[in-house]
Structures are given as structure tokens and as C-alpha cells.
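Here's the structure, in C-alpha cells; my notes come after.
Treat the numbers as computed from the prediction; the structure is a model and nothing was measured. Proteins come first, then strands; the chains are lettered A, B, ... in the order of their sequence lines, and each starts at number 1.
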Amino acid sequence: MVWSEFKKNKMAMCGLVVIFFFGFIATFAPFIANDVPIVMKKNNRIYLFPNVIKYSDLLSENLYANFDLWKPAPGEWCIKPIVPFGPLRQNLEVVLHPPNRIHWLGTDDRGRDVLSRMIWGARLSLSVGFVSVGIAVLMGIVLGSLAGFLGSWVDTVVLRLIELMLVIPTFFLIITVMAFLPPSVWTIMVVIGLTSWPGVARLVRGEFLRQREMEYVLSAKVLGLSGIRTMFRHVLPNALGPVYVSATFGLAGAILMESGLSFLGFGAPPPTPSWGELLKQSQSYVDFAWWLVLFPGLAIFITVTAFNLVGEGLRDAMDPRLRGGR
Amino acid sequence: MKSNIQNNNYLLEIENLKVYFSTVLGTAYAVDDISFKIRRGQAVALVGESGCGKTVTALSILRLLHTPPLSHLSGRIKFEGRDLITLSEEEMRRVRGRHISMVFQEPMSSLNPVFRVGDQIADVMKMHFGMTKEESFGKIEKVMEWVGITDPHMRLRQYPYELSGGLVQRVMIAMAVVCEPKLLIADEPTTALDVTIQAEILKLLRRIKHEKEMSVLLISHDLSVVARIAEWVVVLYAGKKVEEGSSTVIYAKPTHPYTKALFDALPAKSGGKKRLNTIPGSVPLTTEPPKGCRFHPRCPSAMHICEVKEPPWIQLSPEQGNACWLYAGEEIKT
Amino acid sequence: MLRYIIKRLLFVIPTFLGVSLITFALIQLAPGSPVAYKLRGEGGAMRANFETEKIIEQTKALYGLDKPIIVQYLLWLRRIITLDFGKSFKDQRFVMEKIWETLPITLQFTILETFLIYLIAIPIGAYSAVRSRSFLDQLITIILFLLYSLPSFWVAMLLIMFLGGGDWWNLFPVNGINSIDAYAYPWWKWLLDRLWHIVLPLFCMTYGGLAGLSRYMRTGMLDVIKQDYIRTARAYGLSEKMIVFKYAMRNSLIPIVTIFGGLLPGLISGSVIIETIFSIPGMGRLGFEAVLSRDYPLIMGIFTISTFLTLFGLIINDILYALVDPRIRLE
């Protein structure tokens with residue numbers, strides 16, 4: 001039902017296609033941008049997918065660290081990914097080159113291929129987005145349903161917490177926490193997740209309050225079903241619709257947040273490739289290195305827009321009355 | 001010469017009014033070729049179940065329907081000889097509230113919650129007479145007193161949510177008569193109110209008719225409400241006029257099976273012991289009206305012809321007419 | 001009305017306590033606290049990296065980290081109430097002194113932003129709603145949607161690149177909020193110089209909130225236009241001008257005013273990035289630098305103050321709410 005409505009929304013479908021495209025790139029990054037070949041023949045042996053499987057004899061030849069220097073000898077061959085550069089591979093001979101035939105989107109200040117770093121950066125952005133929103137949704141559902149179901153003082157406490165979270169400048173809280181904690185991708189995911197649950201909690205709580213008095217819940221009570229079972233079997237599924245919408249917008253927000261943090265240097269520790277980190281580099285070369293500004297920013301912008309479009313599409317599909325509005 | 005005087009007796013003449021909407025389900029023929037007239041000082045009632053086109057007729061008199069969803073509006077709505085359909089939006093605006101005013105079903109939501117009721121009435125006065133708030137407040141107080149609001153000086157300065165539903169409806173009526181218009185349209189004015197307040201509001205509408213000599217177009221689904229005010233009754237069904245006549249005649253001898261069914265559904269007629277009679281089925285969507293007579297699927301005395309051919313208008317007497325094949329051939333010669 | 005305000009002020013107390021608890025929890029993460037000690041393990045790699053013994057000793061002394069936890073909290077509560085956050089680790093100046101220097105600049109931006117956002121968003125949203133589904137409305141809707149998703153730091157970088165010197169145009173300064181010799185200018189020249197400097201950062205800080213609020217206004221107004229009381233106003237011959245600007249506008253403004261408080265945290269968060277990019281000596285950049293150098297007293301001070309600012313904004317918000325919606329006053 002929702003899907004057939006959603007399909008009619010062209011813009012939202014575009015957004016979904018973009019998300020799948022970025023998701024594909026992120027998932028198969030080792031096959032798309034890497035200096036380690038996909039298939040290679042060496043030492044009279046064919047190695048399948050050395051880019052994802054670490055072969056011990058290749059390791060012992062110290063080849064993984066120097067794949068860019070390796071030239072197939074006669075009788076040896078390899079198939080490299082479309083973008084034959086690893087995201088971490090530095091080449092000081094091509095520092096800050098503008099886009100050209102070899103480096104399609106140019107290179108950064110250590111001679112790393114920008115396209116490769118962006119492809120691997122998609123991995124970081126999307127995984128931070130999904131994990132942190134997952135944490136937020138889980139927290140939101142637990143706190144929201146507890147508040148809506150138990151009511152009384154639990155409800156008061158949760159409401160106060162939500163109010164509190166709305167008062168706090170989230171971004172500043174996150175960088176403050178980042179200052180106290182050792183930098184890592186997991187810290188970012190957890191901290192973004194822990195600060196973005198109030199929206200979901202409010203939705204779930206509202207739905208619980210609304211449905212608590214509804215007939216089927218009352219009749220379930222009369223039939224003697226235990227309260228908790230009723231709540232989770234019957235009420236929660238009904239509350240999930242708006243939660244999906246909120247989670248989609250949350251993904252856009254989390255990706256924006258991650259790139260902002262990386263931009264300020266509070267993101268994943270270097271040399272992890274990330275869109276925000278590329279933009280951060282561009283600060284030092286802003287007078288000429290337009291490719292360092294344009295492409296990573298565009299990637300962030302397109303991803304965020306795509307998630308927002310899908311979120312709007314989902315919301316409209318679920319509640320046609322709201323169509324056309326924000 | 002004689003016909004001219006006759007004409008002048010009519011304040012509002014609606015001829016062949018057609019109002020169509022475009023909806024997701026297709027074109028809705030909400031009002032399909034309806035004609036009726038209202039004399040000066042007369043109260044006419046539009047009767048029918050919800051979805052019959054009563055409110056749409058009323059809103060099209062004031063030209064309050066907009067494109068979209070409105071897709072077609074034709075016919076003539078002659079008010080004091082002028083055809084309202086041909087008026088410009090600005091000319092129409094000067095008619096609204098000044099010459100024709102309207103009272104709505106839900107009094108509470110019909111007034112803006114964030115302005116004092118007096119100010120809202122004063123805005124109407126300002127619009128039509130250019131009066132300042134101070135000038136109009138005296139007049140408004142008098143009218144509010146006339147419609148039965150005690151302590152109008154204080155009520156004037158209150159917000160709608162500070163008043164009861166019945167009181168707000170009185171305020172609405174005060175707003176409707178303050179410019180002394182010639183026609184008052186009352187769309188289910190008592191439906192949302194308690195029974196005791198209903199009676200008072202109906203009494204007030206009768207007073208308006210008699211003391212202010214205004215014409216009233218009453219819209220109601222409730223024949224017992226209609227009986228207390230209207231002298232003339234027009235029965236609508238699915239966008240069509242099915243019966244029309246003076247209320248004394250229609251109440252004594254309803255002819256159209258739909259009108260009869262409406263009377264049978266009244267509690268008084270059903271008698272205390274018996275179950276309330278209901279009309280089986282519901283009003284069809286006007287996007288796909290039944291062929292022939294629109295009432296035939298629910299009609300107890302439907303004949304074959306009813307399913308294929310739309311009944312013509314049959315004038316049974318000067319005081320009564322209907323659109324029903326049962327009465328074909330009984331037409332009086334005029 | 002007065003009772004309503006007092007009631008709202010009382011509601012601030014639990015939020016204030018919540019803020020104190022959250023900030024207190026943050027302190028527990030600081031080096032030198034037993035919690036952080038357990039969390040990271042002694043001699044962890046991170047300690048060697050940025051936590052010198054000196055910093056550990058300083059934080060311990062500042063927050064009384066060796067005292068029982070309840071005493072620590074009371075000490076911290078006293079610090080918050082008296083706005084005494086100690087001295088900055090970096091230059092040993094009082095934290096509040098550094099904040100008072102930078103706060104006016106950030107506030108100046110915040111006030112200008114809020115003003116601009118409301119000034120532009122209300123007419124745009126109202127126009128879009130009144131002329132809903134017209135060509136211009138659809139164009140506005142698309143533009144607002146794109147602006148809404150546009151990362152401000154990217155826009156800032158693009159503006160700096162294309163308008164702020166470098167290989168392209170050099171139309172705007174991109175450093176600070178005044179020229180170096182501005183103190184010697186006559187006042188009108190000083191003002192022009194200031195405006196010239198803040199155009200770009202102000203744009204970057206404003207457009208996001210602007211897009212969000214316009215969309216909000218449009219939805220609200222569309223909703224109001226459908227209400228019965230607007231039909232009544234039409235039925236009584238009020239002019240379109242009066243209906244839109246008086247009847248529909250007043251009701252649409254109620255939800256708009258109520259999210260004023262909700263805008264503030266976003267604006268303060270945004271100031272961190274934009275002030276840093278444009279080297280604006282405001283509280284946002286001070287916070288960024290404090291975090292970079294792990295200047296804990298300064299971090300805690302700025303975080304607490306910025307939360308208080310939003311809290312203050314919320315109170316103003318509630319008062320405005322009561323002013324535009326008579327139903328609230330009566331409660």
C-alpha cells in the first residue's frame with residue numbers, strides 16, 4: 001500500500017535510486033577503487049579477490065603495501081578495479097593535481113586519489129548514518145514506549161529528558177564529548193546516536209498514548225492478554241510508520257553531522273577517508289584546489305538530499321493528507 | 001406589467017444551477033440542474049440527507065467555491081434581478097455579508113479563535129460601511145442584545161473559546177444580521193447544539209424573518225426543524241430536486257417516495273413503540289449517479305422506467321411538484 | 001499572564017538541573033577522574049598522546065575529582081550558579097572573561113540570523129501557501145528543499161573559493177569581522193566595513209534555518225487557509241488582503257513563533273563551524289579551539305553558557321507564545 005503510493009512519487013524514487021547507487025559503491029568499494037587487483041596471476045597461481053582476501057604468500061612478499069609499484073612480469077597478469085588507486089595510497093609525485101585522465105577527480109595534498117577516497121568515504125558516511133540512526137531508533141522506541149505505556153513518573157522523566165535534549169546545542173555537545181573521548185568511528189556513531197533519539201521517542205510515546213484508549217487495545221485487555229504483550233504485539237507495529245519516516249530524515253542529519261565533525265577534525269581519526277575530511281583539507285588550498293571543495297561537498301549534498309527526498313516520499317505515502325506540505 | 005411585479009416578489013431565483021467538481025474519482029455532479037425561488041421575507045428550506053448538494057447550493061450562491069476542485073458552474077443565480085454568477089470577484093465581495101449572509105453548522109470553528117468576537121464583527125462593518133471599531137461597537141452591542149446575548153458589552157470583548165456553543169452561534173447570527181442583509185442562509189444552524197439551545201436558535205431565526213423582514217434559506221436534514229420555520233420546502237436527492245412545495249402541503253401529503261421516506265424516518269411519525277424507520281442504503285456518490293431516477297436503487301416503488309429514464313418535472317398543483325414517474329400524467333395544465 | 005510566566009519559569013528548574021547533570025557527567029570523562037581512569041585503563045595509548053600529567057593534575061584540582069561524587073556534584077552546581085568556571089588551562093585567564101569577550105559577537109550573529117530568518121521566511125512561506133501550486137510556489141518549494149539539504153560548511157567553502165580571493169573573484173573578505181585598521185574609521189565606514197565582512201558568514205548561517213522555517217510557514221498557512229473561520233471571513237465579504245494578512249497570518253504565526261526556541265540550538269551549533277571557517281572571534285570558534293587544545297574548564301564554561309542561552313530563548317519563546325495566542329494566557 002505504502003510502496004505503491006511511494007512509487008508514484010518520482011522525486012522520492014530518484015532519491016531511492018541515488019541511495020542504492022551510493023550503497024552499492026560503499027559495499028563494493030574494494031572492487032571499485034583499489035590498487036590491489038581483483039584477480040591476478042603470479043607465482044604460477046591465480047589469486048581470486050586478493051583485494052578482500054589477504055593471501056599469506058602475497059603478504060610475505062610484502063606486496064600489499066606496495067601494490068602500486070608491482071608490475072606483472074611476463075606470464076603474470078592482473079585485473080585491477082576501475083579506479084586503480086587505494087584510498088590510503090600516497091604518491092608524493094602527484095600532490096594536489098587537478099582532475100586529469102589518470103586521477104579523474106584529482107589528488108589531495110598527499111597525492112592520494114580523490115575519487116578513491118570519496119568511494120571509501122561513502123562507506124564511512126553511510127555506515128555512520130545507519131549505525132547511529134539504529135542506536136537512536138532503538139533508544140527512542142524503548143524510552144518512548146516505556147513512557148507511553150507506563151505513564152506516571154516514567155513518562156515525566158522521559159519527557160523532561162526529551163525537553164533537555166532539545167535545549168542542548170547538539171553539535172557542540174558532540175564535539176565536547178569527542179574532546180573527552182579517544183577518537184574513533186565507533187565513538188562518533190554512539191555519540192550521534194545518543195543525541196538524536198528524542199524525535200523518535202516523542203513519536204512512539206504519542207502513538208502509545210493515542211492507541212492506549214483504542215478499542216482493540218481495550219478488548220485485548222478484557223481478553224486478559226498481558227499489557228506488555230498487547231503493547232508490543234499490537235501497538236508498536238502501528239507506531240513504526242512515522243518512526244521510519246523520522247529515521248530516514250535522521251539518516252540525512254547523521255550524515256551531515258558526521259561530515260561536519262570530520263570537517264572540523266573531530267571525525268574518524270586519520271587516515272580514514274571521509275567526505276568531510278577531504279573538505280577539511282581543501283581549507284588550506286582553497287584559493288586553487290576547487291576539486292577538493294566541489295566533489296566531496298557534492299557527494300554530501302546529493303546523499304543528504306536523497307535521504308530527505310525519500311523521507312518526504314515515505315511520509316506522503318503513509319499519510320496522503322499531508323501531501324505537499326512539510 | 002403584471003409579470004414584472006410578480007418577478008419583483010422574488011428575492012432570489014435559481015435557475016438550472018449546475019455545480020461540478022473534479023475529484024480523484026472523476027467528476028462529481030454535486031448539483032445537477034436545480035431551480036427554485038425565494039420570495040422576499042419568505043423562509044425556504046433545502047432538505048435532504050448529507051451529500052445531496054444542499055451546502056454546495058448555498059456556497060455557490062455566495063460563490064465561495066473555488067477552482068480547483070470546482071470544475072463547472074453554470075445556470076443563473078438572480079438576486080434582486082442581478083445574476084450573481086456573472087459578477088466580478090470584487091462585486092461579489094460587496095454582496096457577501098452585506099446583502100446575503102450565512103450562518104454555519106459548527107459555530108466554534110466558524111469564528112477565528114485568536115480574535116475577540118466583537119473585533120471580528122467590527123471587521124465586517126468596516127469592510128462594508130467603512131466604520132471604525134468605535135463607531136461599530138455601539139451598533140454591534142445593540143444587535144447582540146437583540147439576538148439574546150446578555151451583557152453584550154462584556155461578550156463583545158471575549159474570545160470565542162470563552163463562550164458556549166449556543167452563545168457563539170448567537171454571535172454568528174448577530175454577525176449575520178448586523179449589516180441588515182436581505183437574505184440569510186443558515187446551514188444546519190442547530191445540528192451541533194444541545195436540544196434546548198436548538199429551540200432557542202430556531203425561535204431567533206423566526207424572529208429574524210418576522211421582525212427584520214429578511215428571507216431565510218434554511219438548510220437541514222431534519223424535517224422537524226424545517227417545519228418550525230420554512231414556508232416552502234425543496235427536497236434534494238443526489239444533486240437533483242425531487243420534490244418542492246409549500247410546507248403545509250408537503251407535510252400533509254408528501255408525494256415523492258424519497259420525501260415520504262424522510263417523513264417515515266422522523267421519530268414522531270414512527271411512534272414511541274416502533275423502531276425508527278430508516279431508508280435502506282445511502283446517498284450515491286455523485287461521481288457515478290445511478291441512471292434514470294437517481295433514487296431508484298433505494299426506492300420501494302421503483303418501476304422499470306425509473307432505471308432507464310430520468311423523470312421529468314411534474315407540477316401537481318401550484319403549491320407542489322415532484323420528479324417521479326409514479327405521477328406522470330397527473331400534471332396540471334398551466 | 002504573569003502567573004503563566006512564573007509557571008513557565010518554574011518549569012525551567014528541572015531542565016537546569018538536567019543540564020547540570022549532563023555537564024557533570026562530561027566532567028567524569030575528563031582525564032584524572034576515576035571514571036575516565038577505568039574507561040581507558042592506565043597508560044593507554046591515548047594518555048601518552050594528549051593527556052600530560054599536568055592536565056590531569058589541573059583537572060583533578062579544579063573539579064575536586066578526588067572528593068566523593070556527591071561533593072563533586074555540589075561543587076560543580078555552585079560553579080554553574082555562580083558562573084565560576086575557573087581559569088583556562090591554555091593562558092590561565094578566567095573562563096568567564098574569555099566568554100564575555102566573545103559572546104557579544106556570537107549574539108550579534110544569532111540575533112541578526114533570527115531576525116533575517118523570520119523577516120524572509122514568513123512572507124515566502126505565506127506567499128507559497130496563498131498561491132499554492134502556482135509555478136512560483138513550486139519553484140520556491142524546490143529551491144527551499146535544496147537549501148535545506150545543503151551543508152553550510154560546503155557552501156562556506158564554495159563562497160570563499162569563488163568570491164573570497166584565490167583564482168576567482170575577490171569580492172568579500174573571508175577573515176574576521178572587520179578590517180585590521182577599522183578602529184580608525186569614522187562610524188559609517190566602520191559599519192560598512194563590518195557589514196561587508198559579515199555578509200558571507202551570515203548567509204551561510206541563515207539559509208538553512210530560513211529554508212526550514214519557510215517550509216514550516218507554508219504548511220502552517222495551508223492548514224489555516226482550510227479552516228472554517230477563513231471560509232466565514234470570505235462569506236462575510238472581507239477583502240482577500242484582510243483575510244490573508246490579518247486572519248490567516250495571525251493564526252499561522254502561532255506555530256512559527258513557538259519554534260523560535262527550537263532554532264537557537266541549531267544556530268549556536270552552526271556558529272562553531274562557520275565562525276571557525278571565517279575566523280570570526282566569537283564563542284563558537286572559542287569553543288572549537290578549546291576542544292582542540294582540550295582546555296576543559298573553557299569547554300565546560302562555553303557548553304554551559306550556550307545551553308543557558310537556549311534556555312533563555314525558550315522562556316522568551318513562551319512569553320511570545322502567550323502574546324500571539326490568547327488561549328494560552330487563560331490557562
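- Counting heavy atoms from C-beta on, the side chains of Leu158(C) and Trp290(A) never come closer than 4.5 Å.
- Contact annotation for Leu164(A): both backbone and side-chain heavy atoms come within less than 4.5 Å of a heavy atom of chain C.
- Contacts with chain A were tallied for Ile277(C), Leu314(C), Asp223(C); Ile277(C) has the most, counting heavy-atom pairs under 4.5 Å.
- Counting heavy-atom neighbours within 6.0 Å of Arg202(A) CZ, excluding the residue itself, gives a total of 12 or less.
- Heavy atoms only, all atoms of each residue included: Phe172(A) and Ser306(C) are closest at CD2-OG, 4.4 Å.
- Side-chain contact between Ile168(A) and Pro265(C): absent, with no pair of heavy atoms (C-beta onward) separated by less than 4.5 Å.
- Rounding to the nearest 0.5 Å places CZ of Phe249(A) at 7.0 Å from OH of Tyr148(C).
- Chosen from Phe301(A), Phe307(A), Phe171(A), Phe288(A), the residue pairing most often with chain C at heavy-atom distances under 4.5 Å is Phe301(A).
- Heavy-atom distances place both the backbone and the side chain of Leu309(A) under 4.5 Å from chain C.
- Contact detail for Met161(C) and Val286(A): the closest heavy-atom pair is CG-O, 3.4 Å.
- For the atom pair Asp287(A) CG and Ile160(C) CD1, the distance stands at 11.0 Å (nearest 0.5 Å).
- With a 4.5 angstrom heavy-atom cutoff, Leu294(A) touches chain C via backbone and side-chain atoms both.
- By the 6.0 Å contact criterion, CZ on Phe24(C) is enclosed, its count of non-hydrogen atoms from other residues, nucleotides or ligands being greater than 12.
- For the side-chain contact (heavy atoms from CB on, under 4.5 Å) with Leu256(A), the qualifying choice from Ser149(C), Ser152(C), Pro151(C) is Pro151(C), the only one to do so.
- Of the listed residues (Gly253(A), Ser259(A), Ala252(A)), the greatest number of heavy-atom pairs within a distance under 4.5 Å of chain C belongs to Ser259(A).
- With a threshold of 4.5 angstrom between heavy atoms, Leu298(A) approaches chain C through its backbone and through its side chain.
- With chain A as partner, the option from Val155(C), Leu144(C), Leu309(C), Ile273(C) having the largest number of non-hydrogen pairs under 4.5 angstrom is Ile273(C).
- For Trp154(C) against Val293(A), the heavy-atom pair with the smallest separation is NE1-O, 2.8 Å.
- Within the 3.5 Å criterion, the main-chain N or O of Val167(A) finds a donor-acceptor partner in the side chain of Thr310(C).
- If you tally non-hydrogen atom pairs under 4.5 Å between each of Ile268(C), Leu26(C), Val272(C), Ile299(C) and chain A, the highest count goes to Leu26(C).
- Distance check, rounded to the nearest 0.5 Å: CE of Met11(A) to CZ of Phe145(C) gives 7.0 Å.
- If you tally non-hydrogen atom pairs under 4.5 Å between each of Ile22(C), Leu264(C), Thr23(C) and chain A, the highest count goes to Ile22(C).
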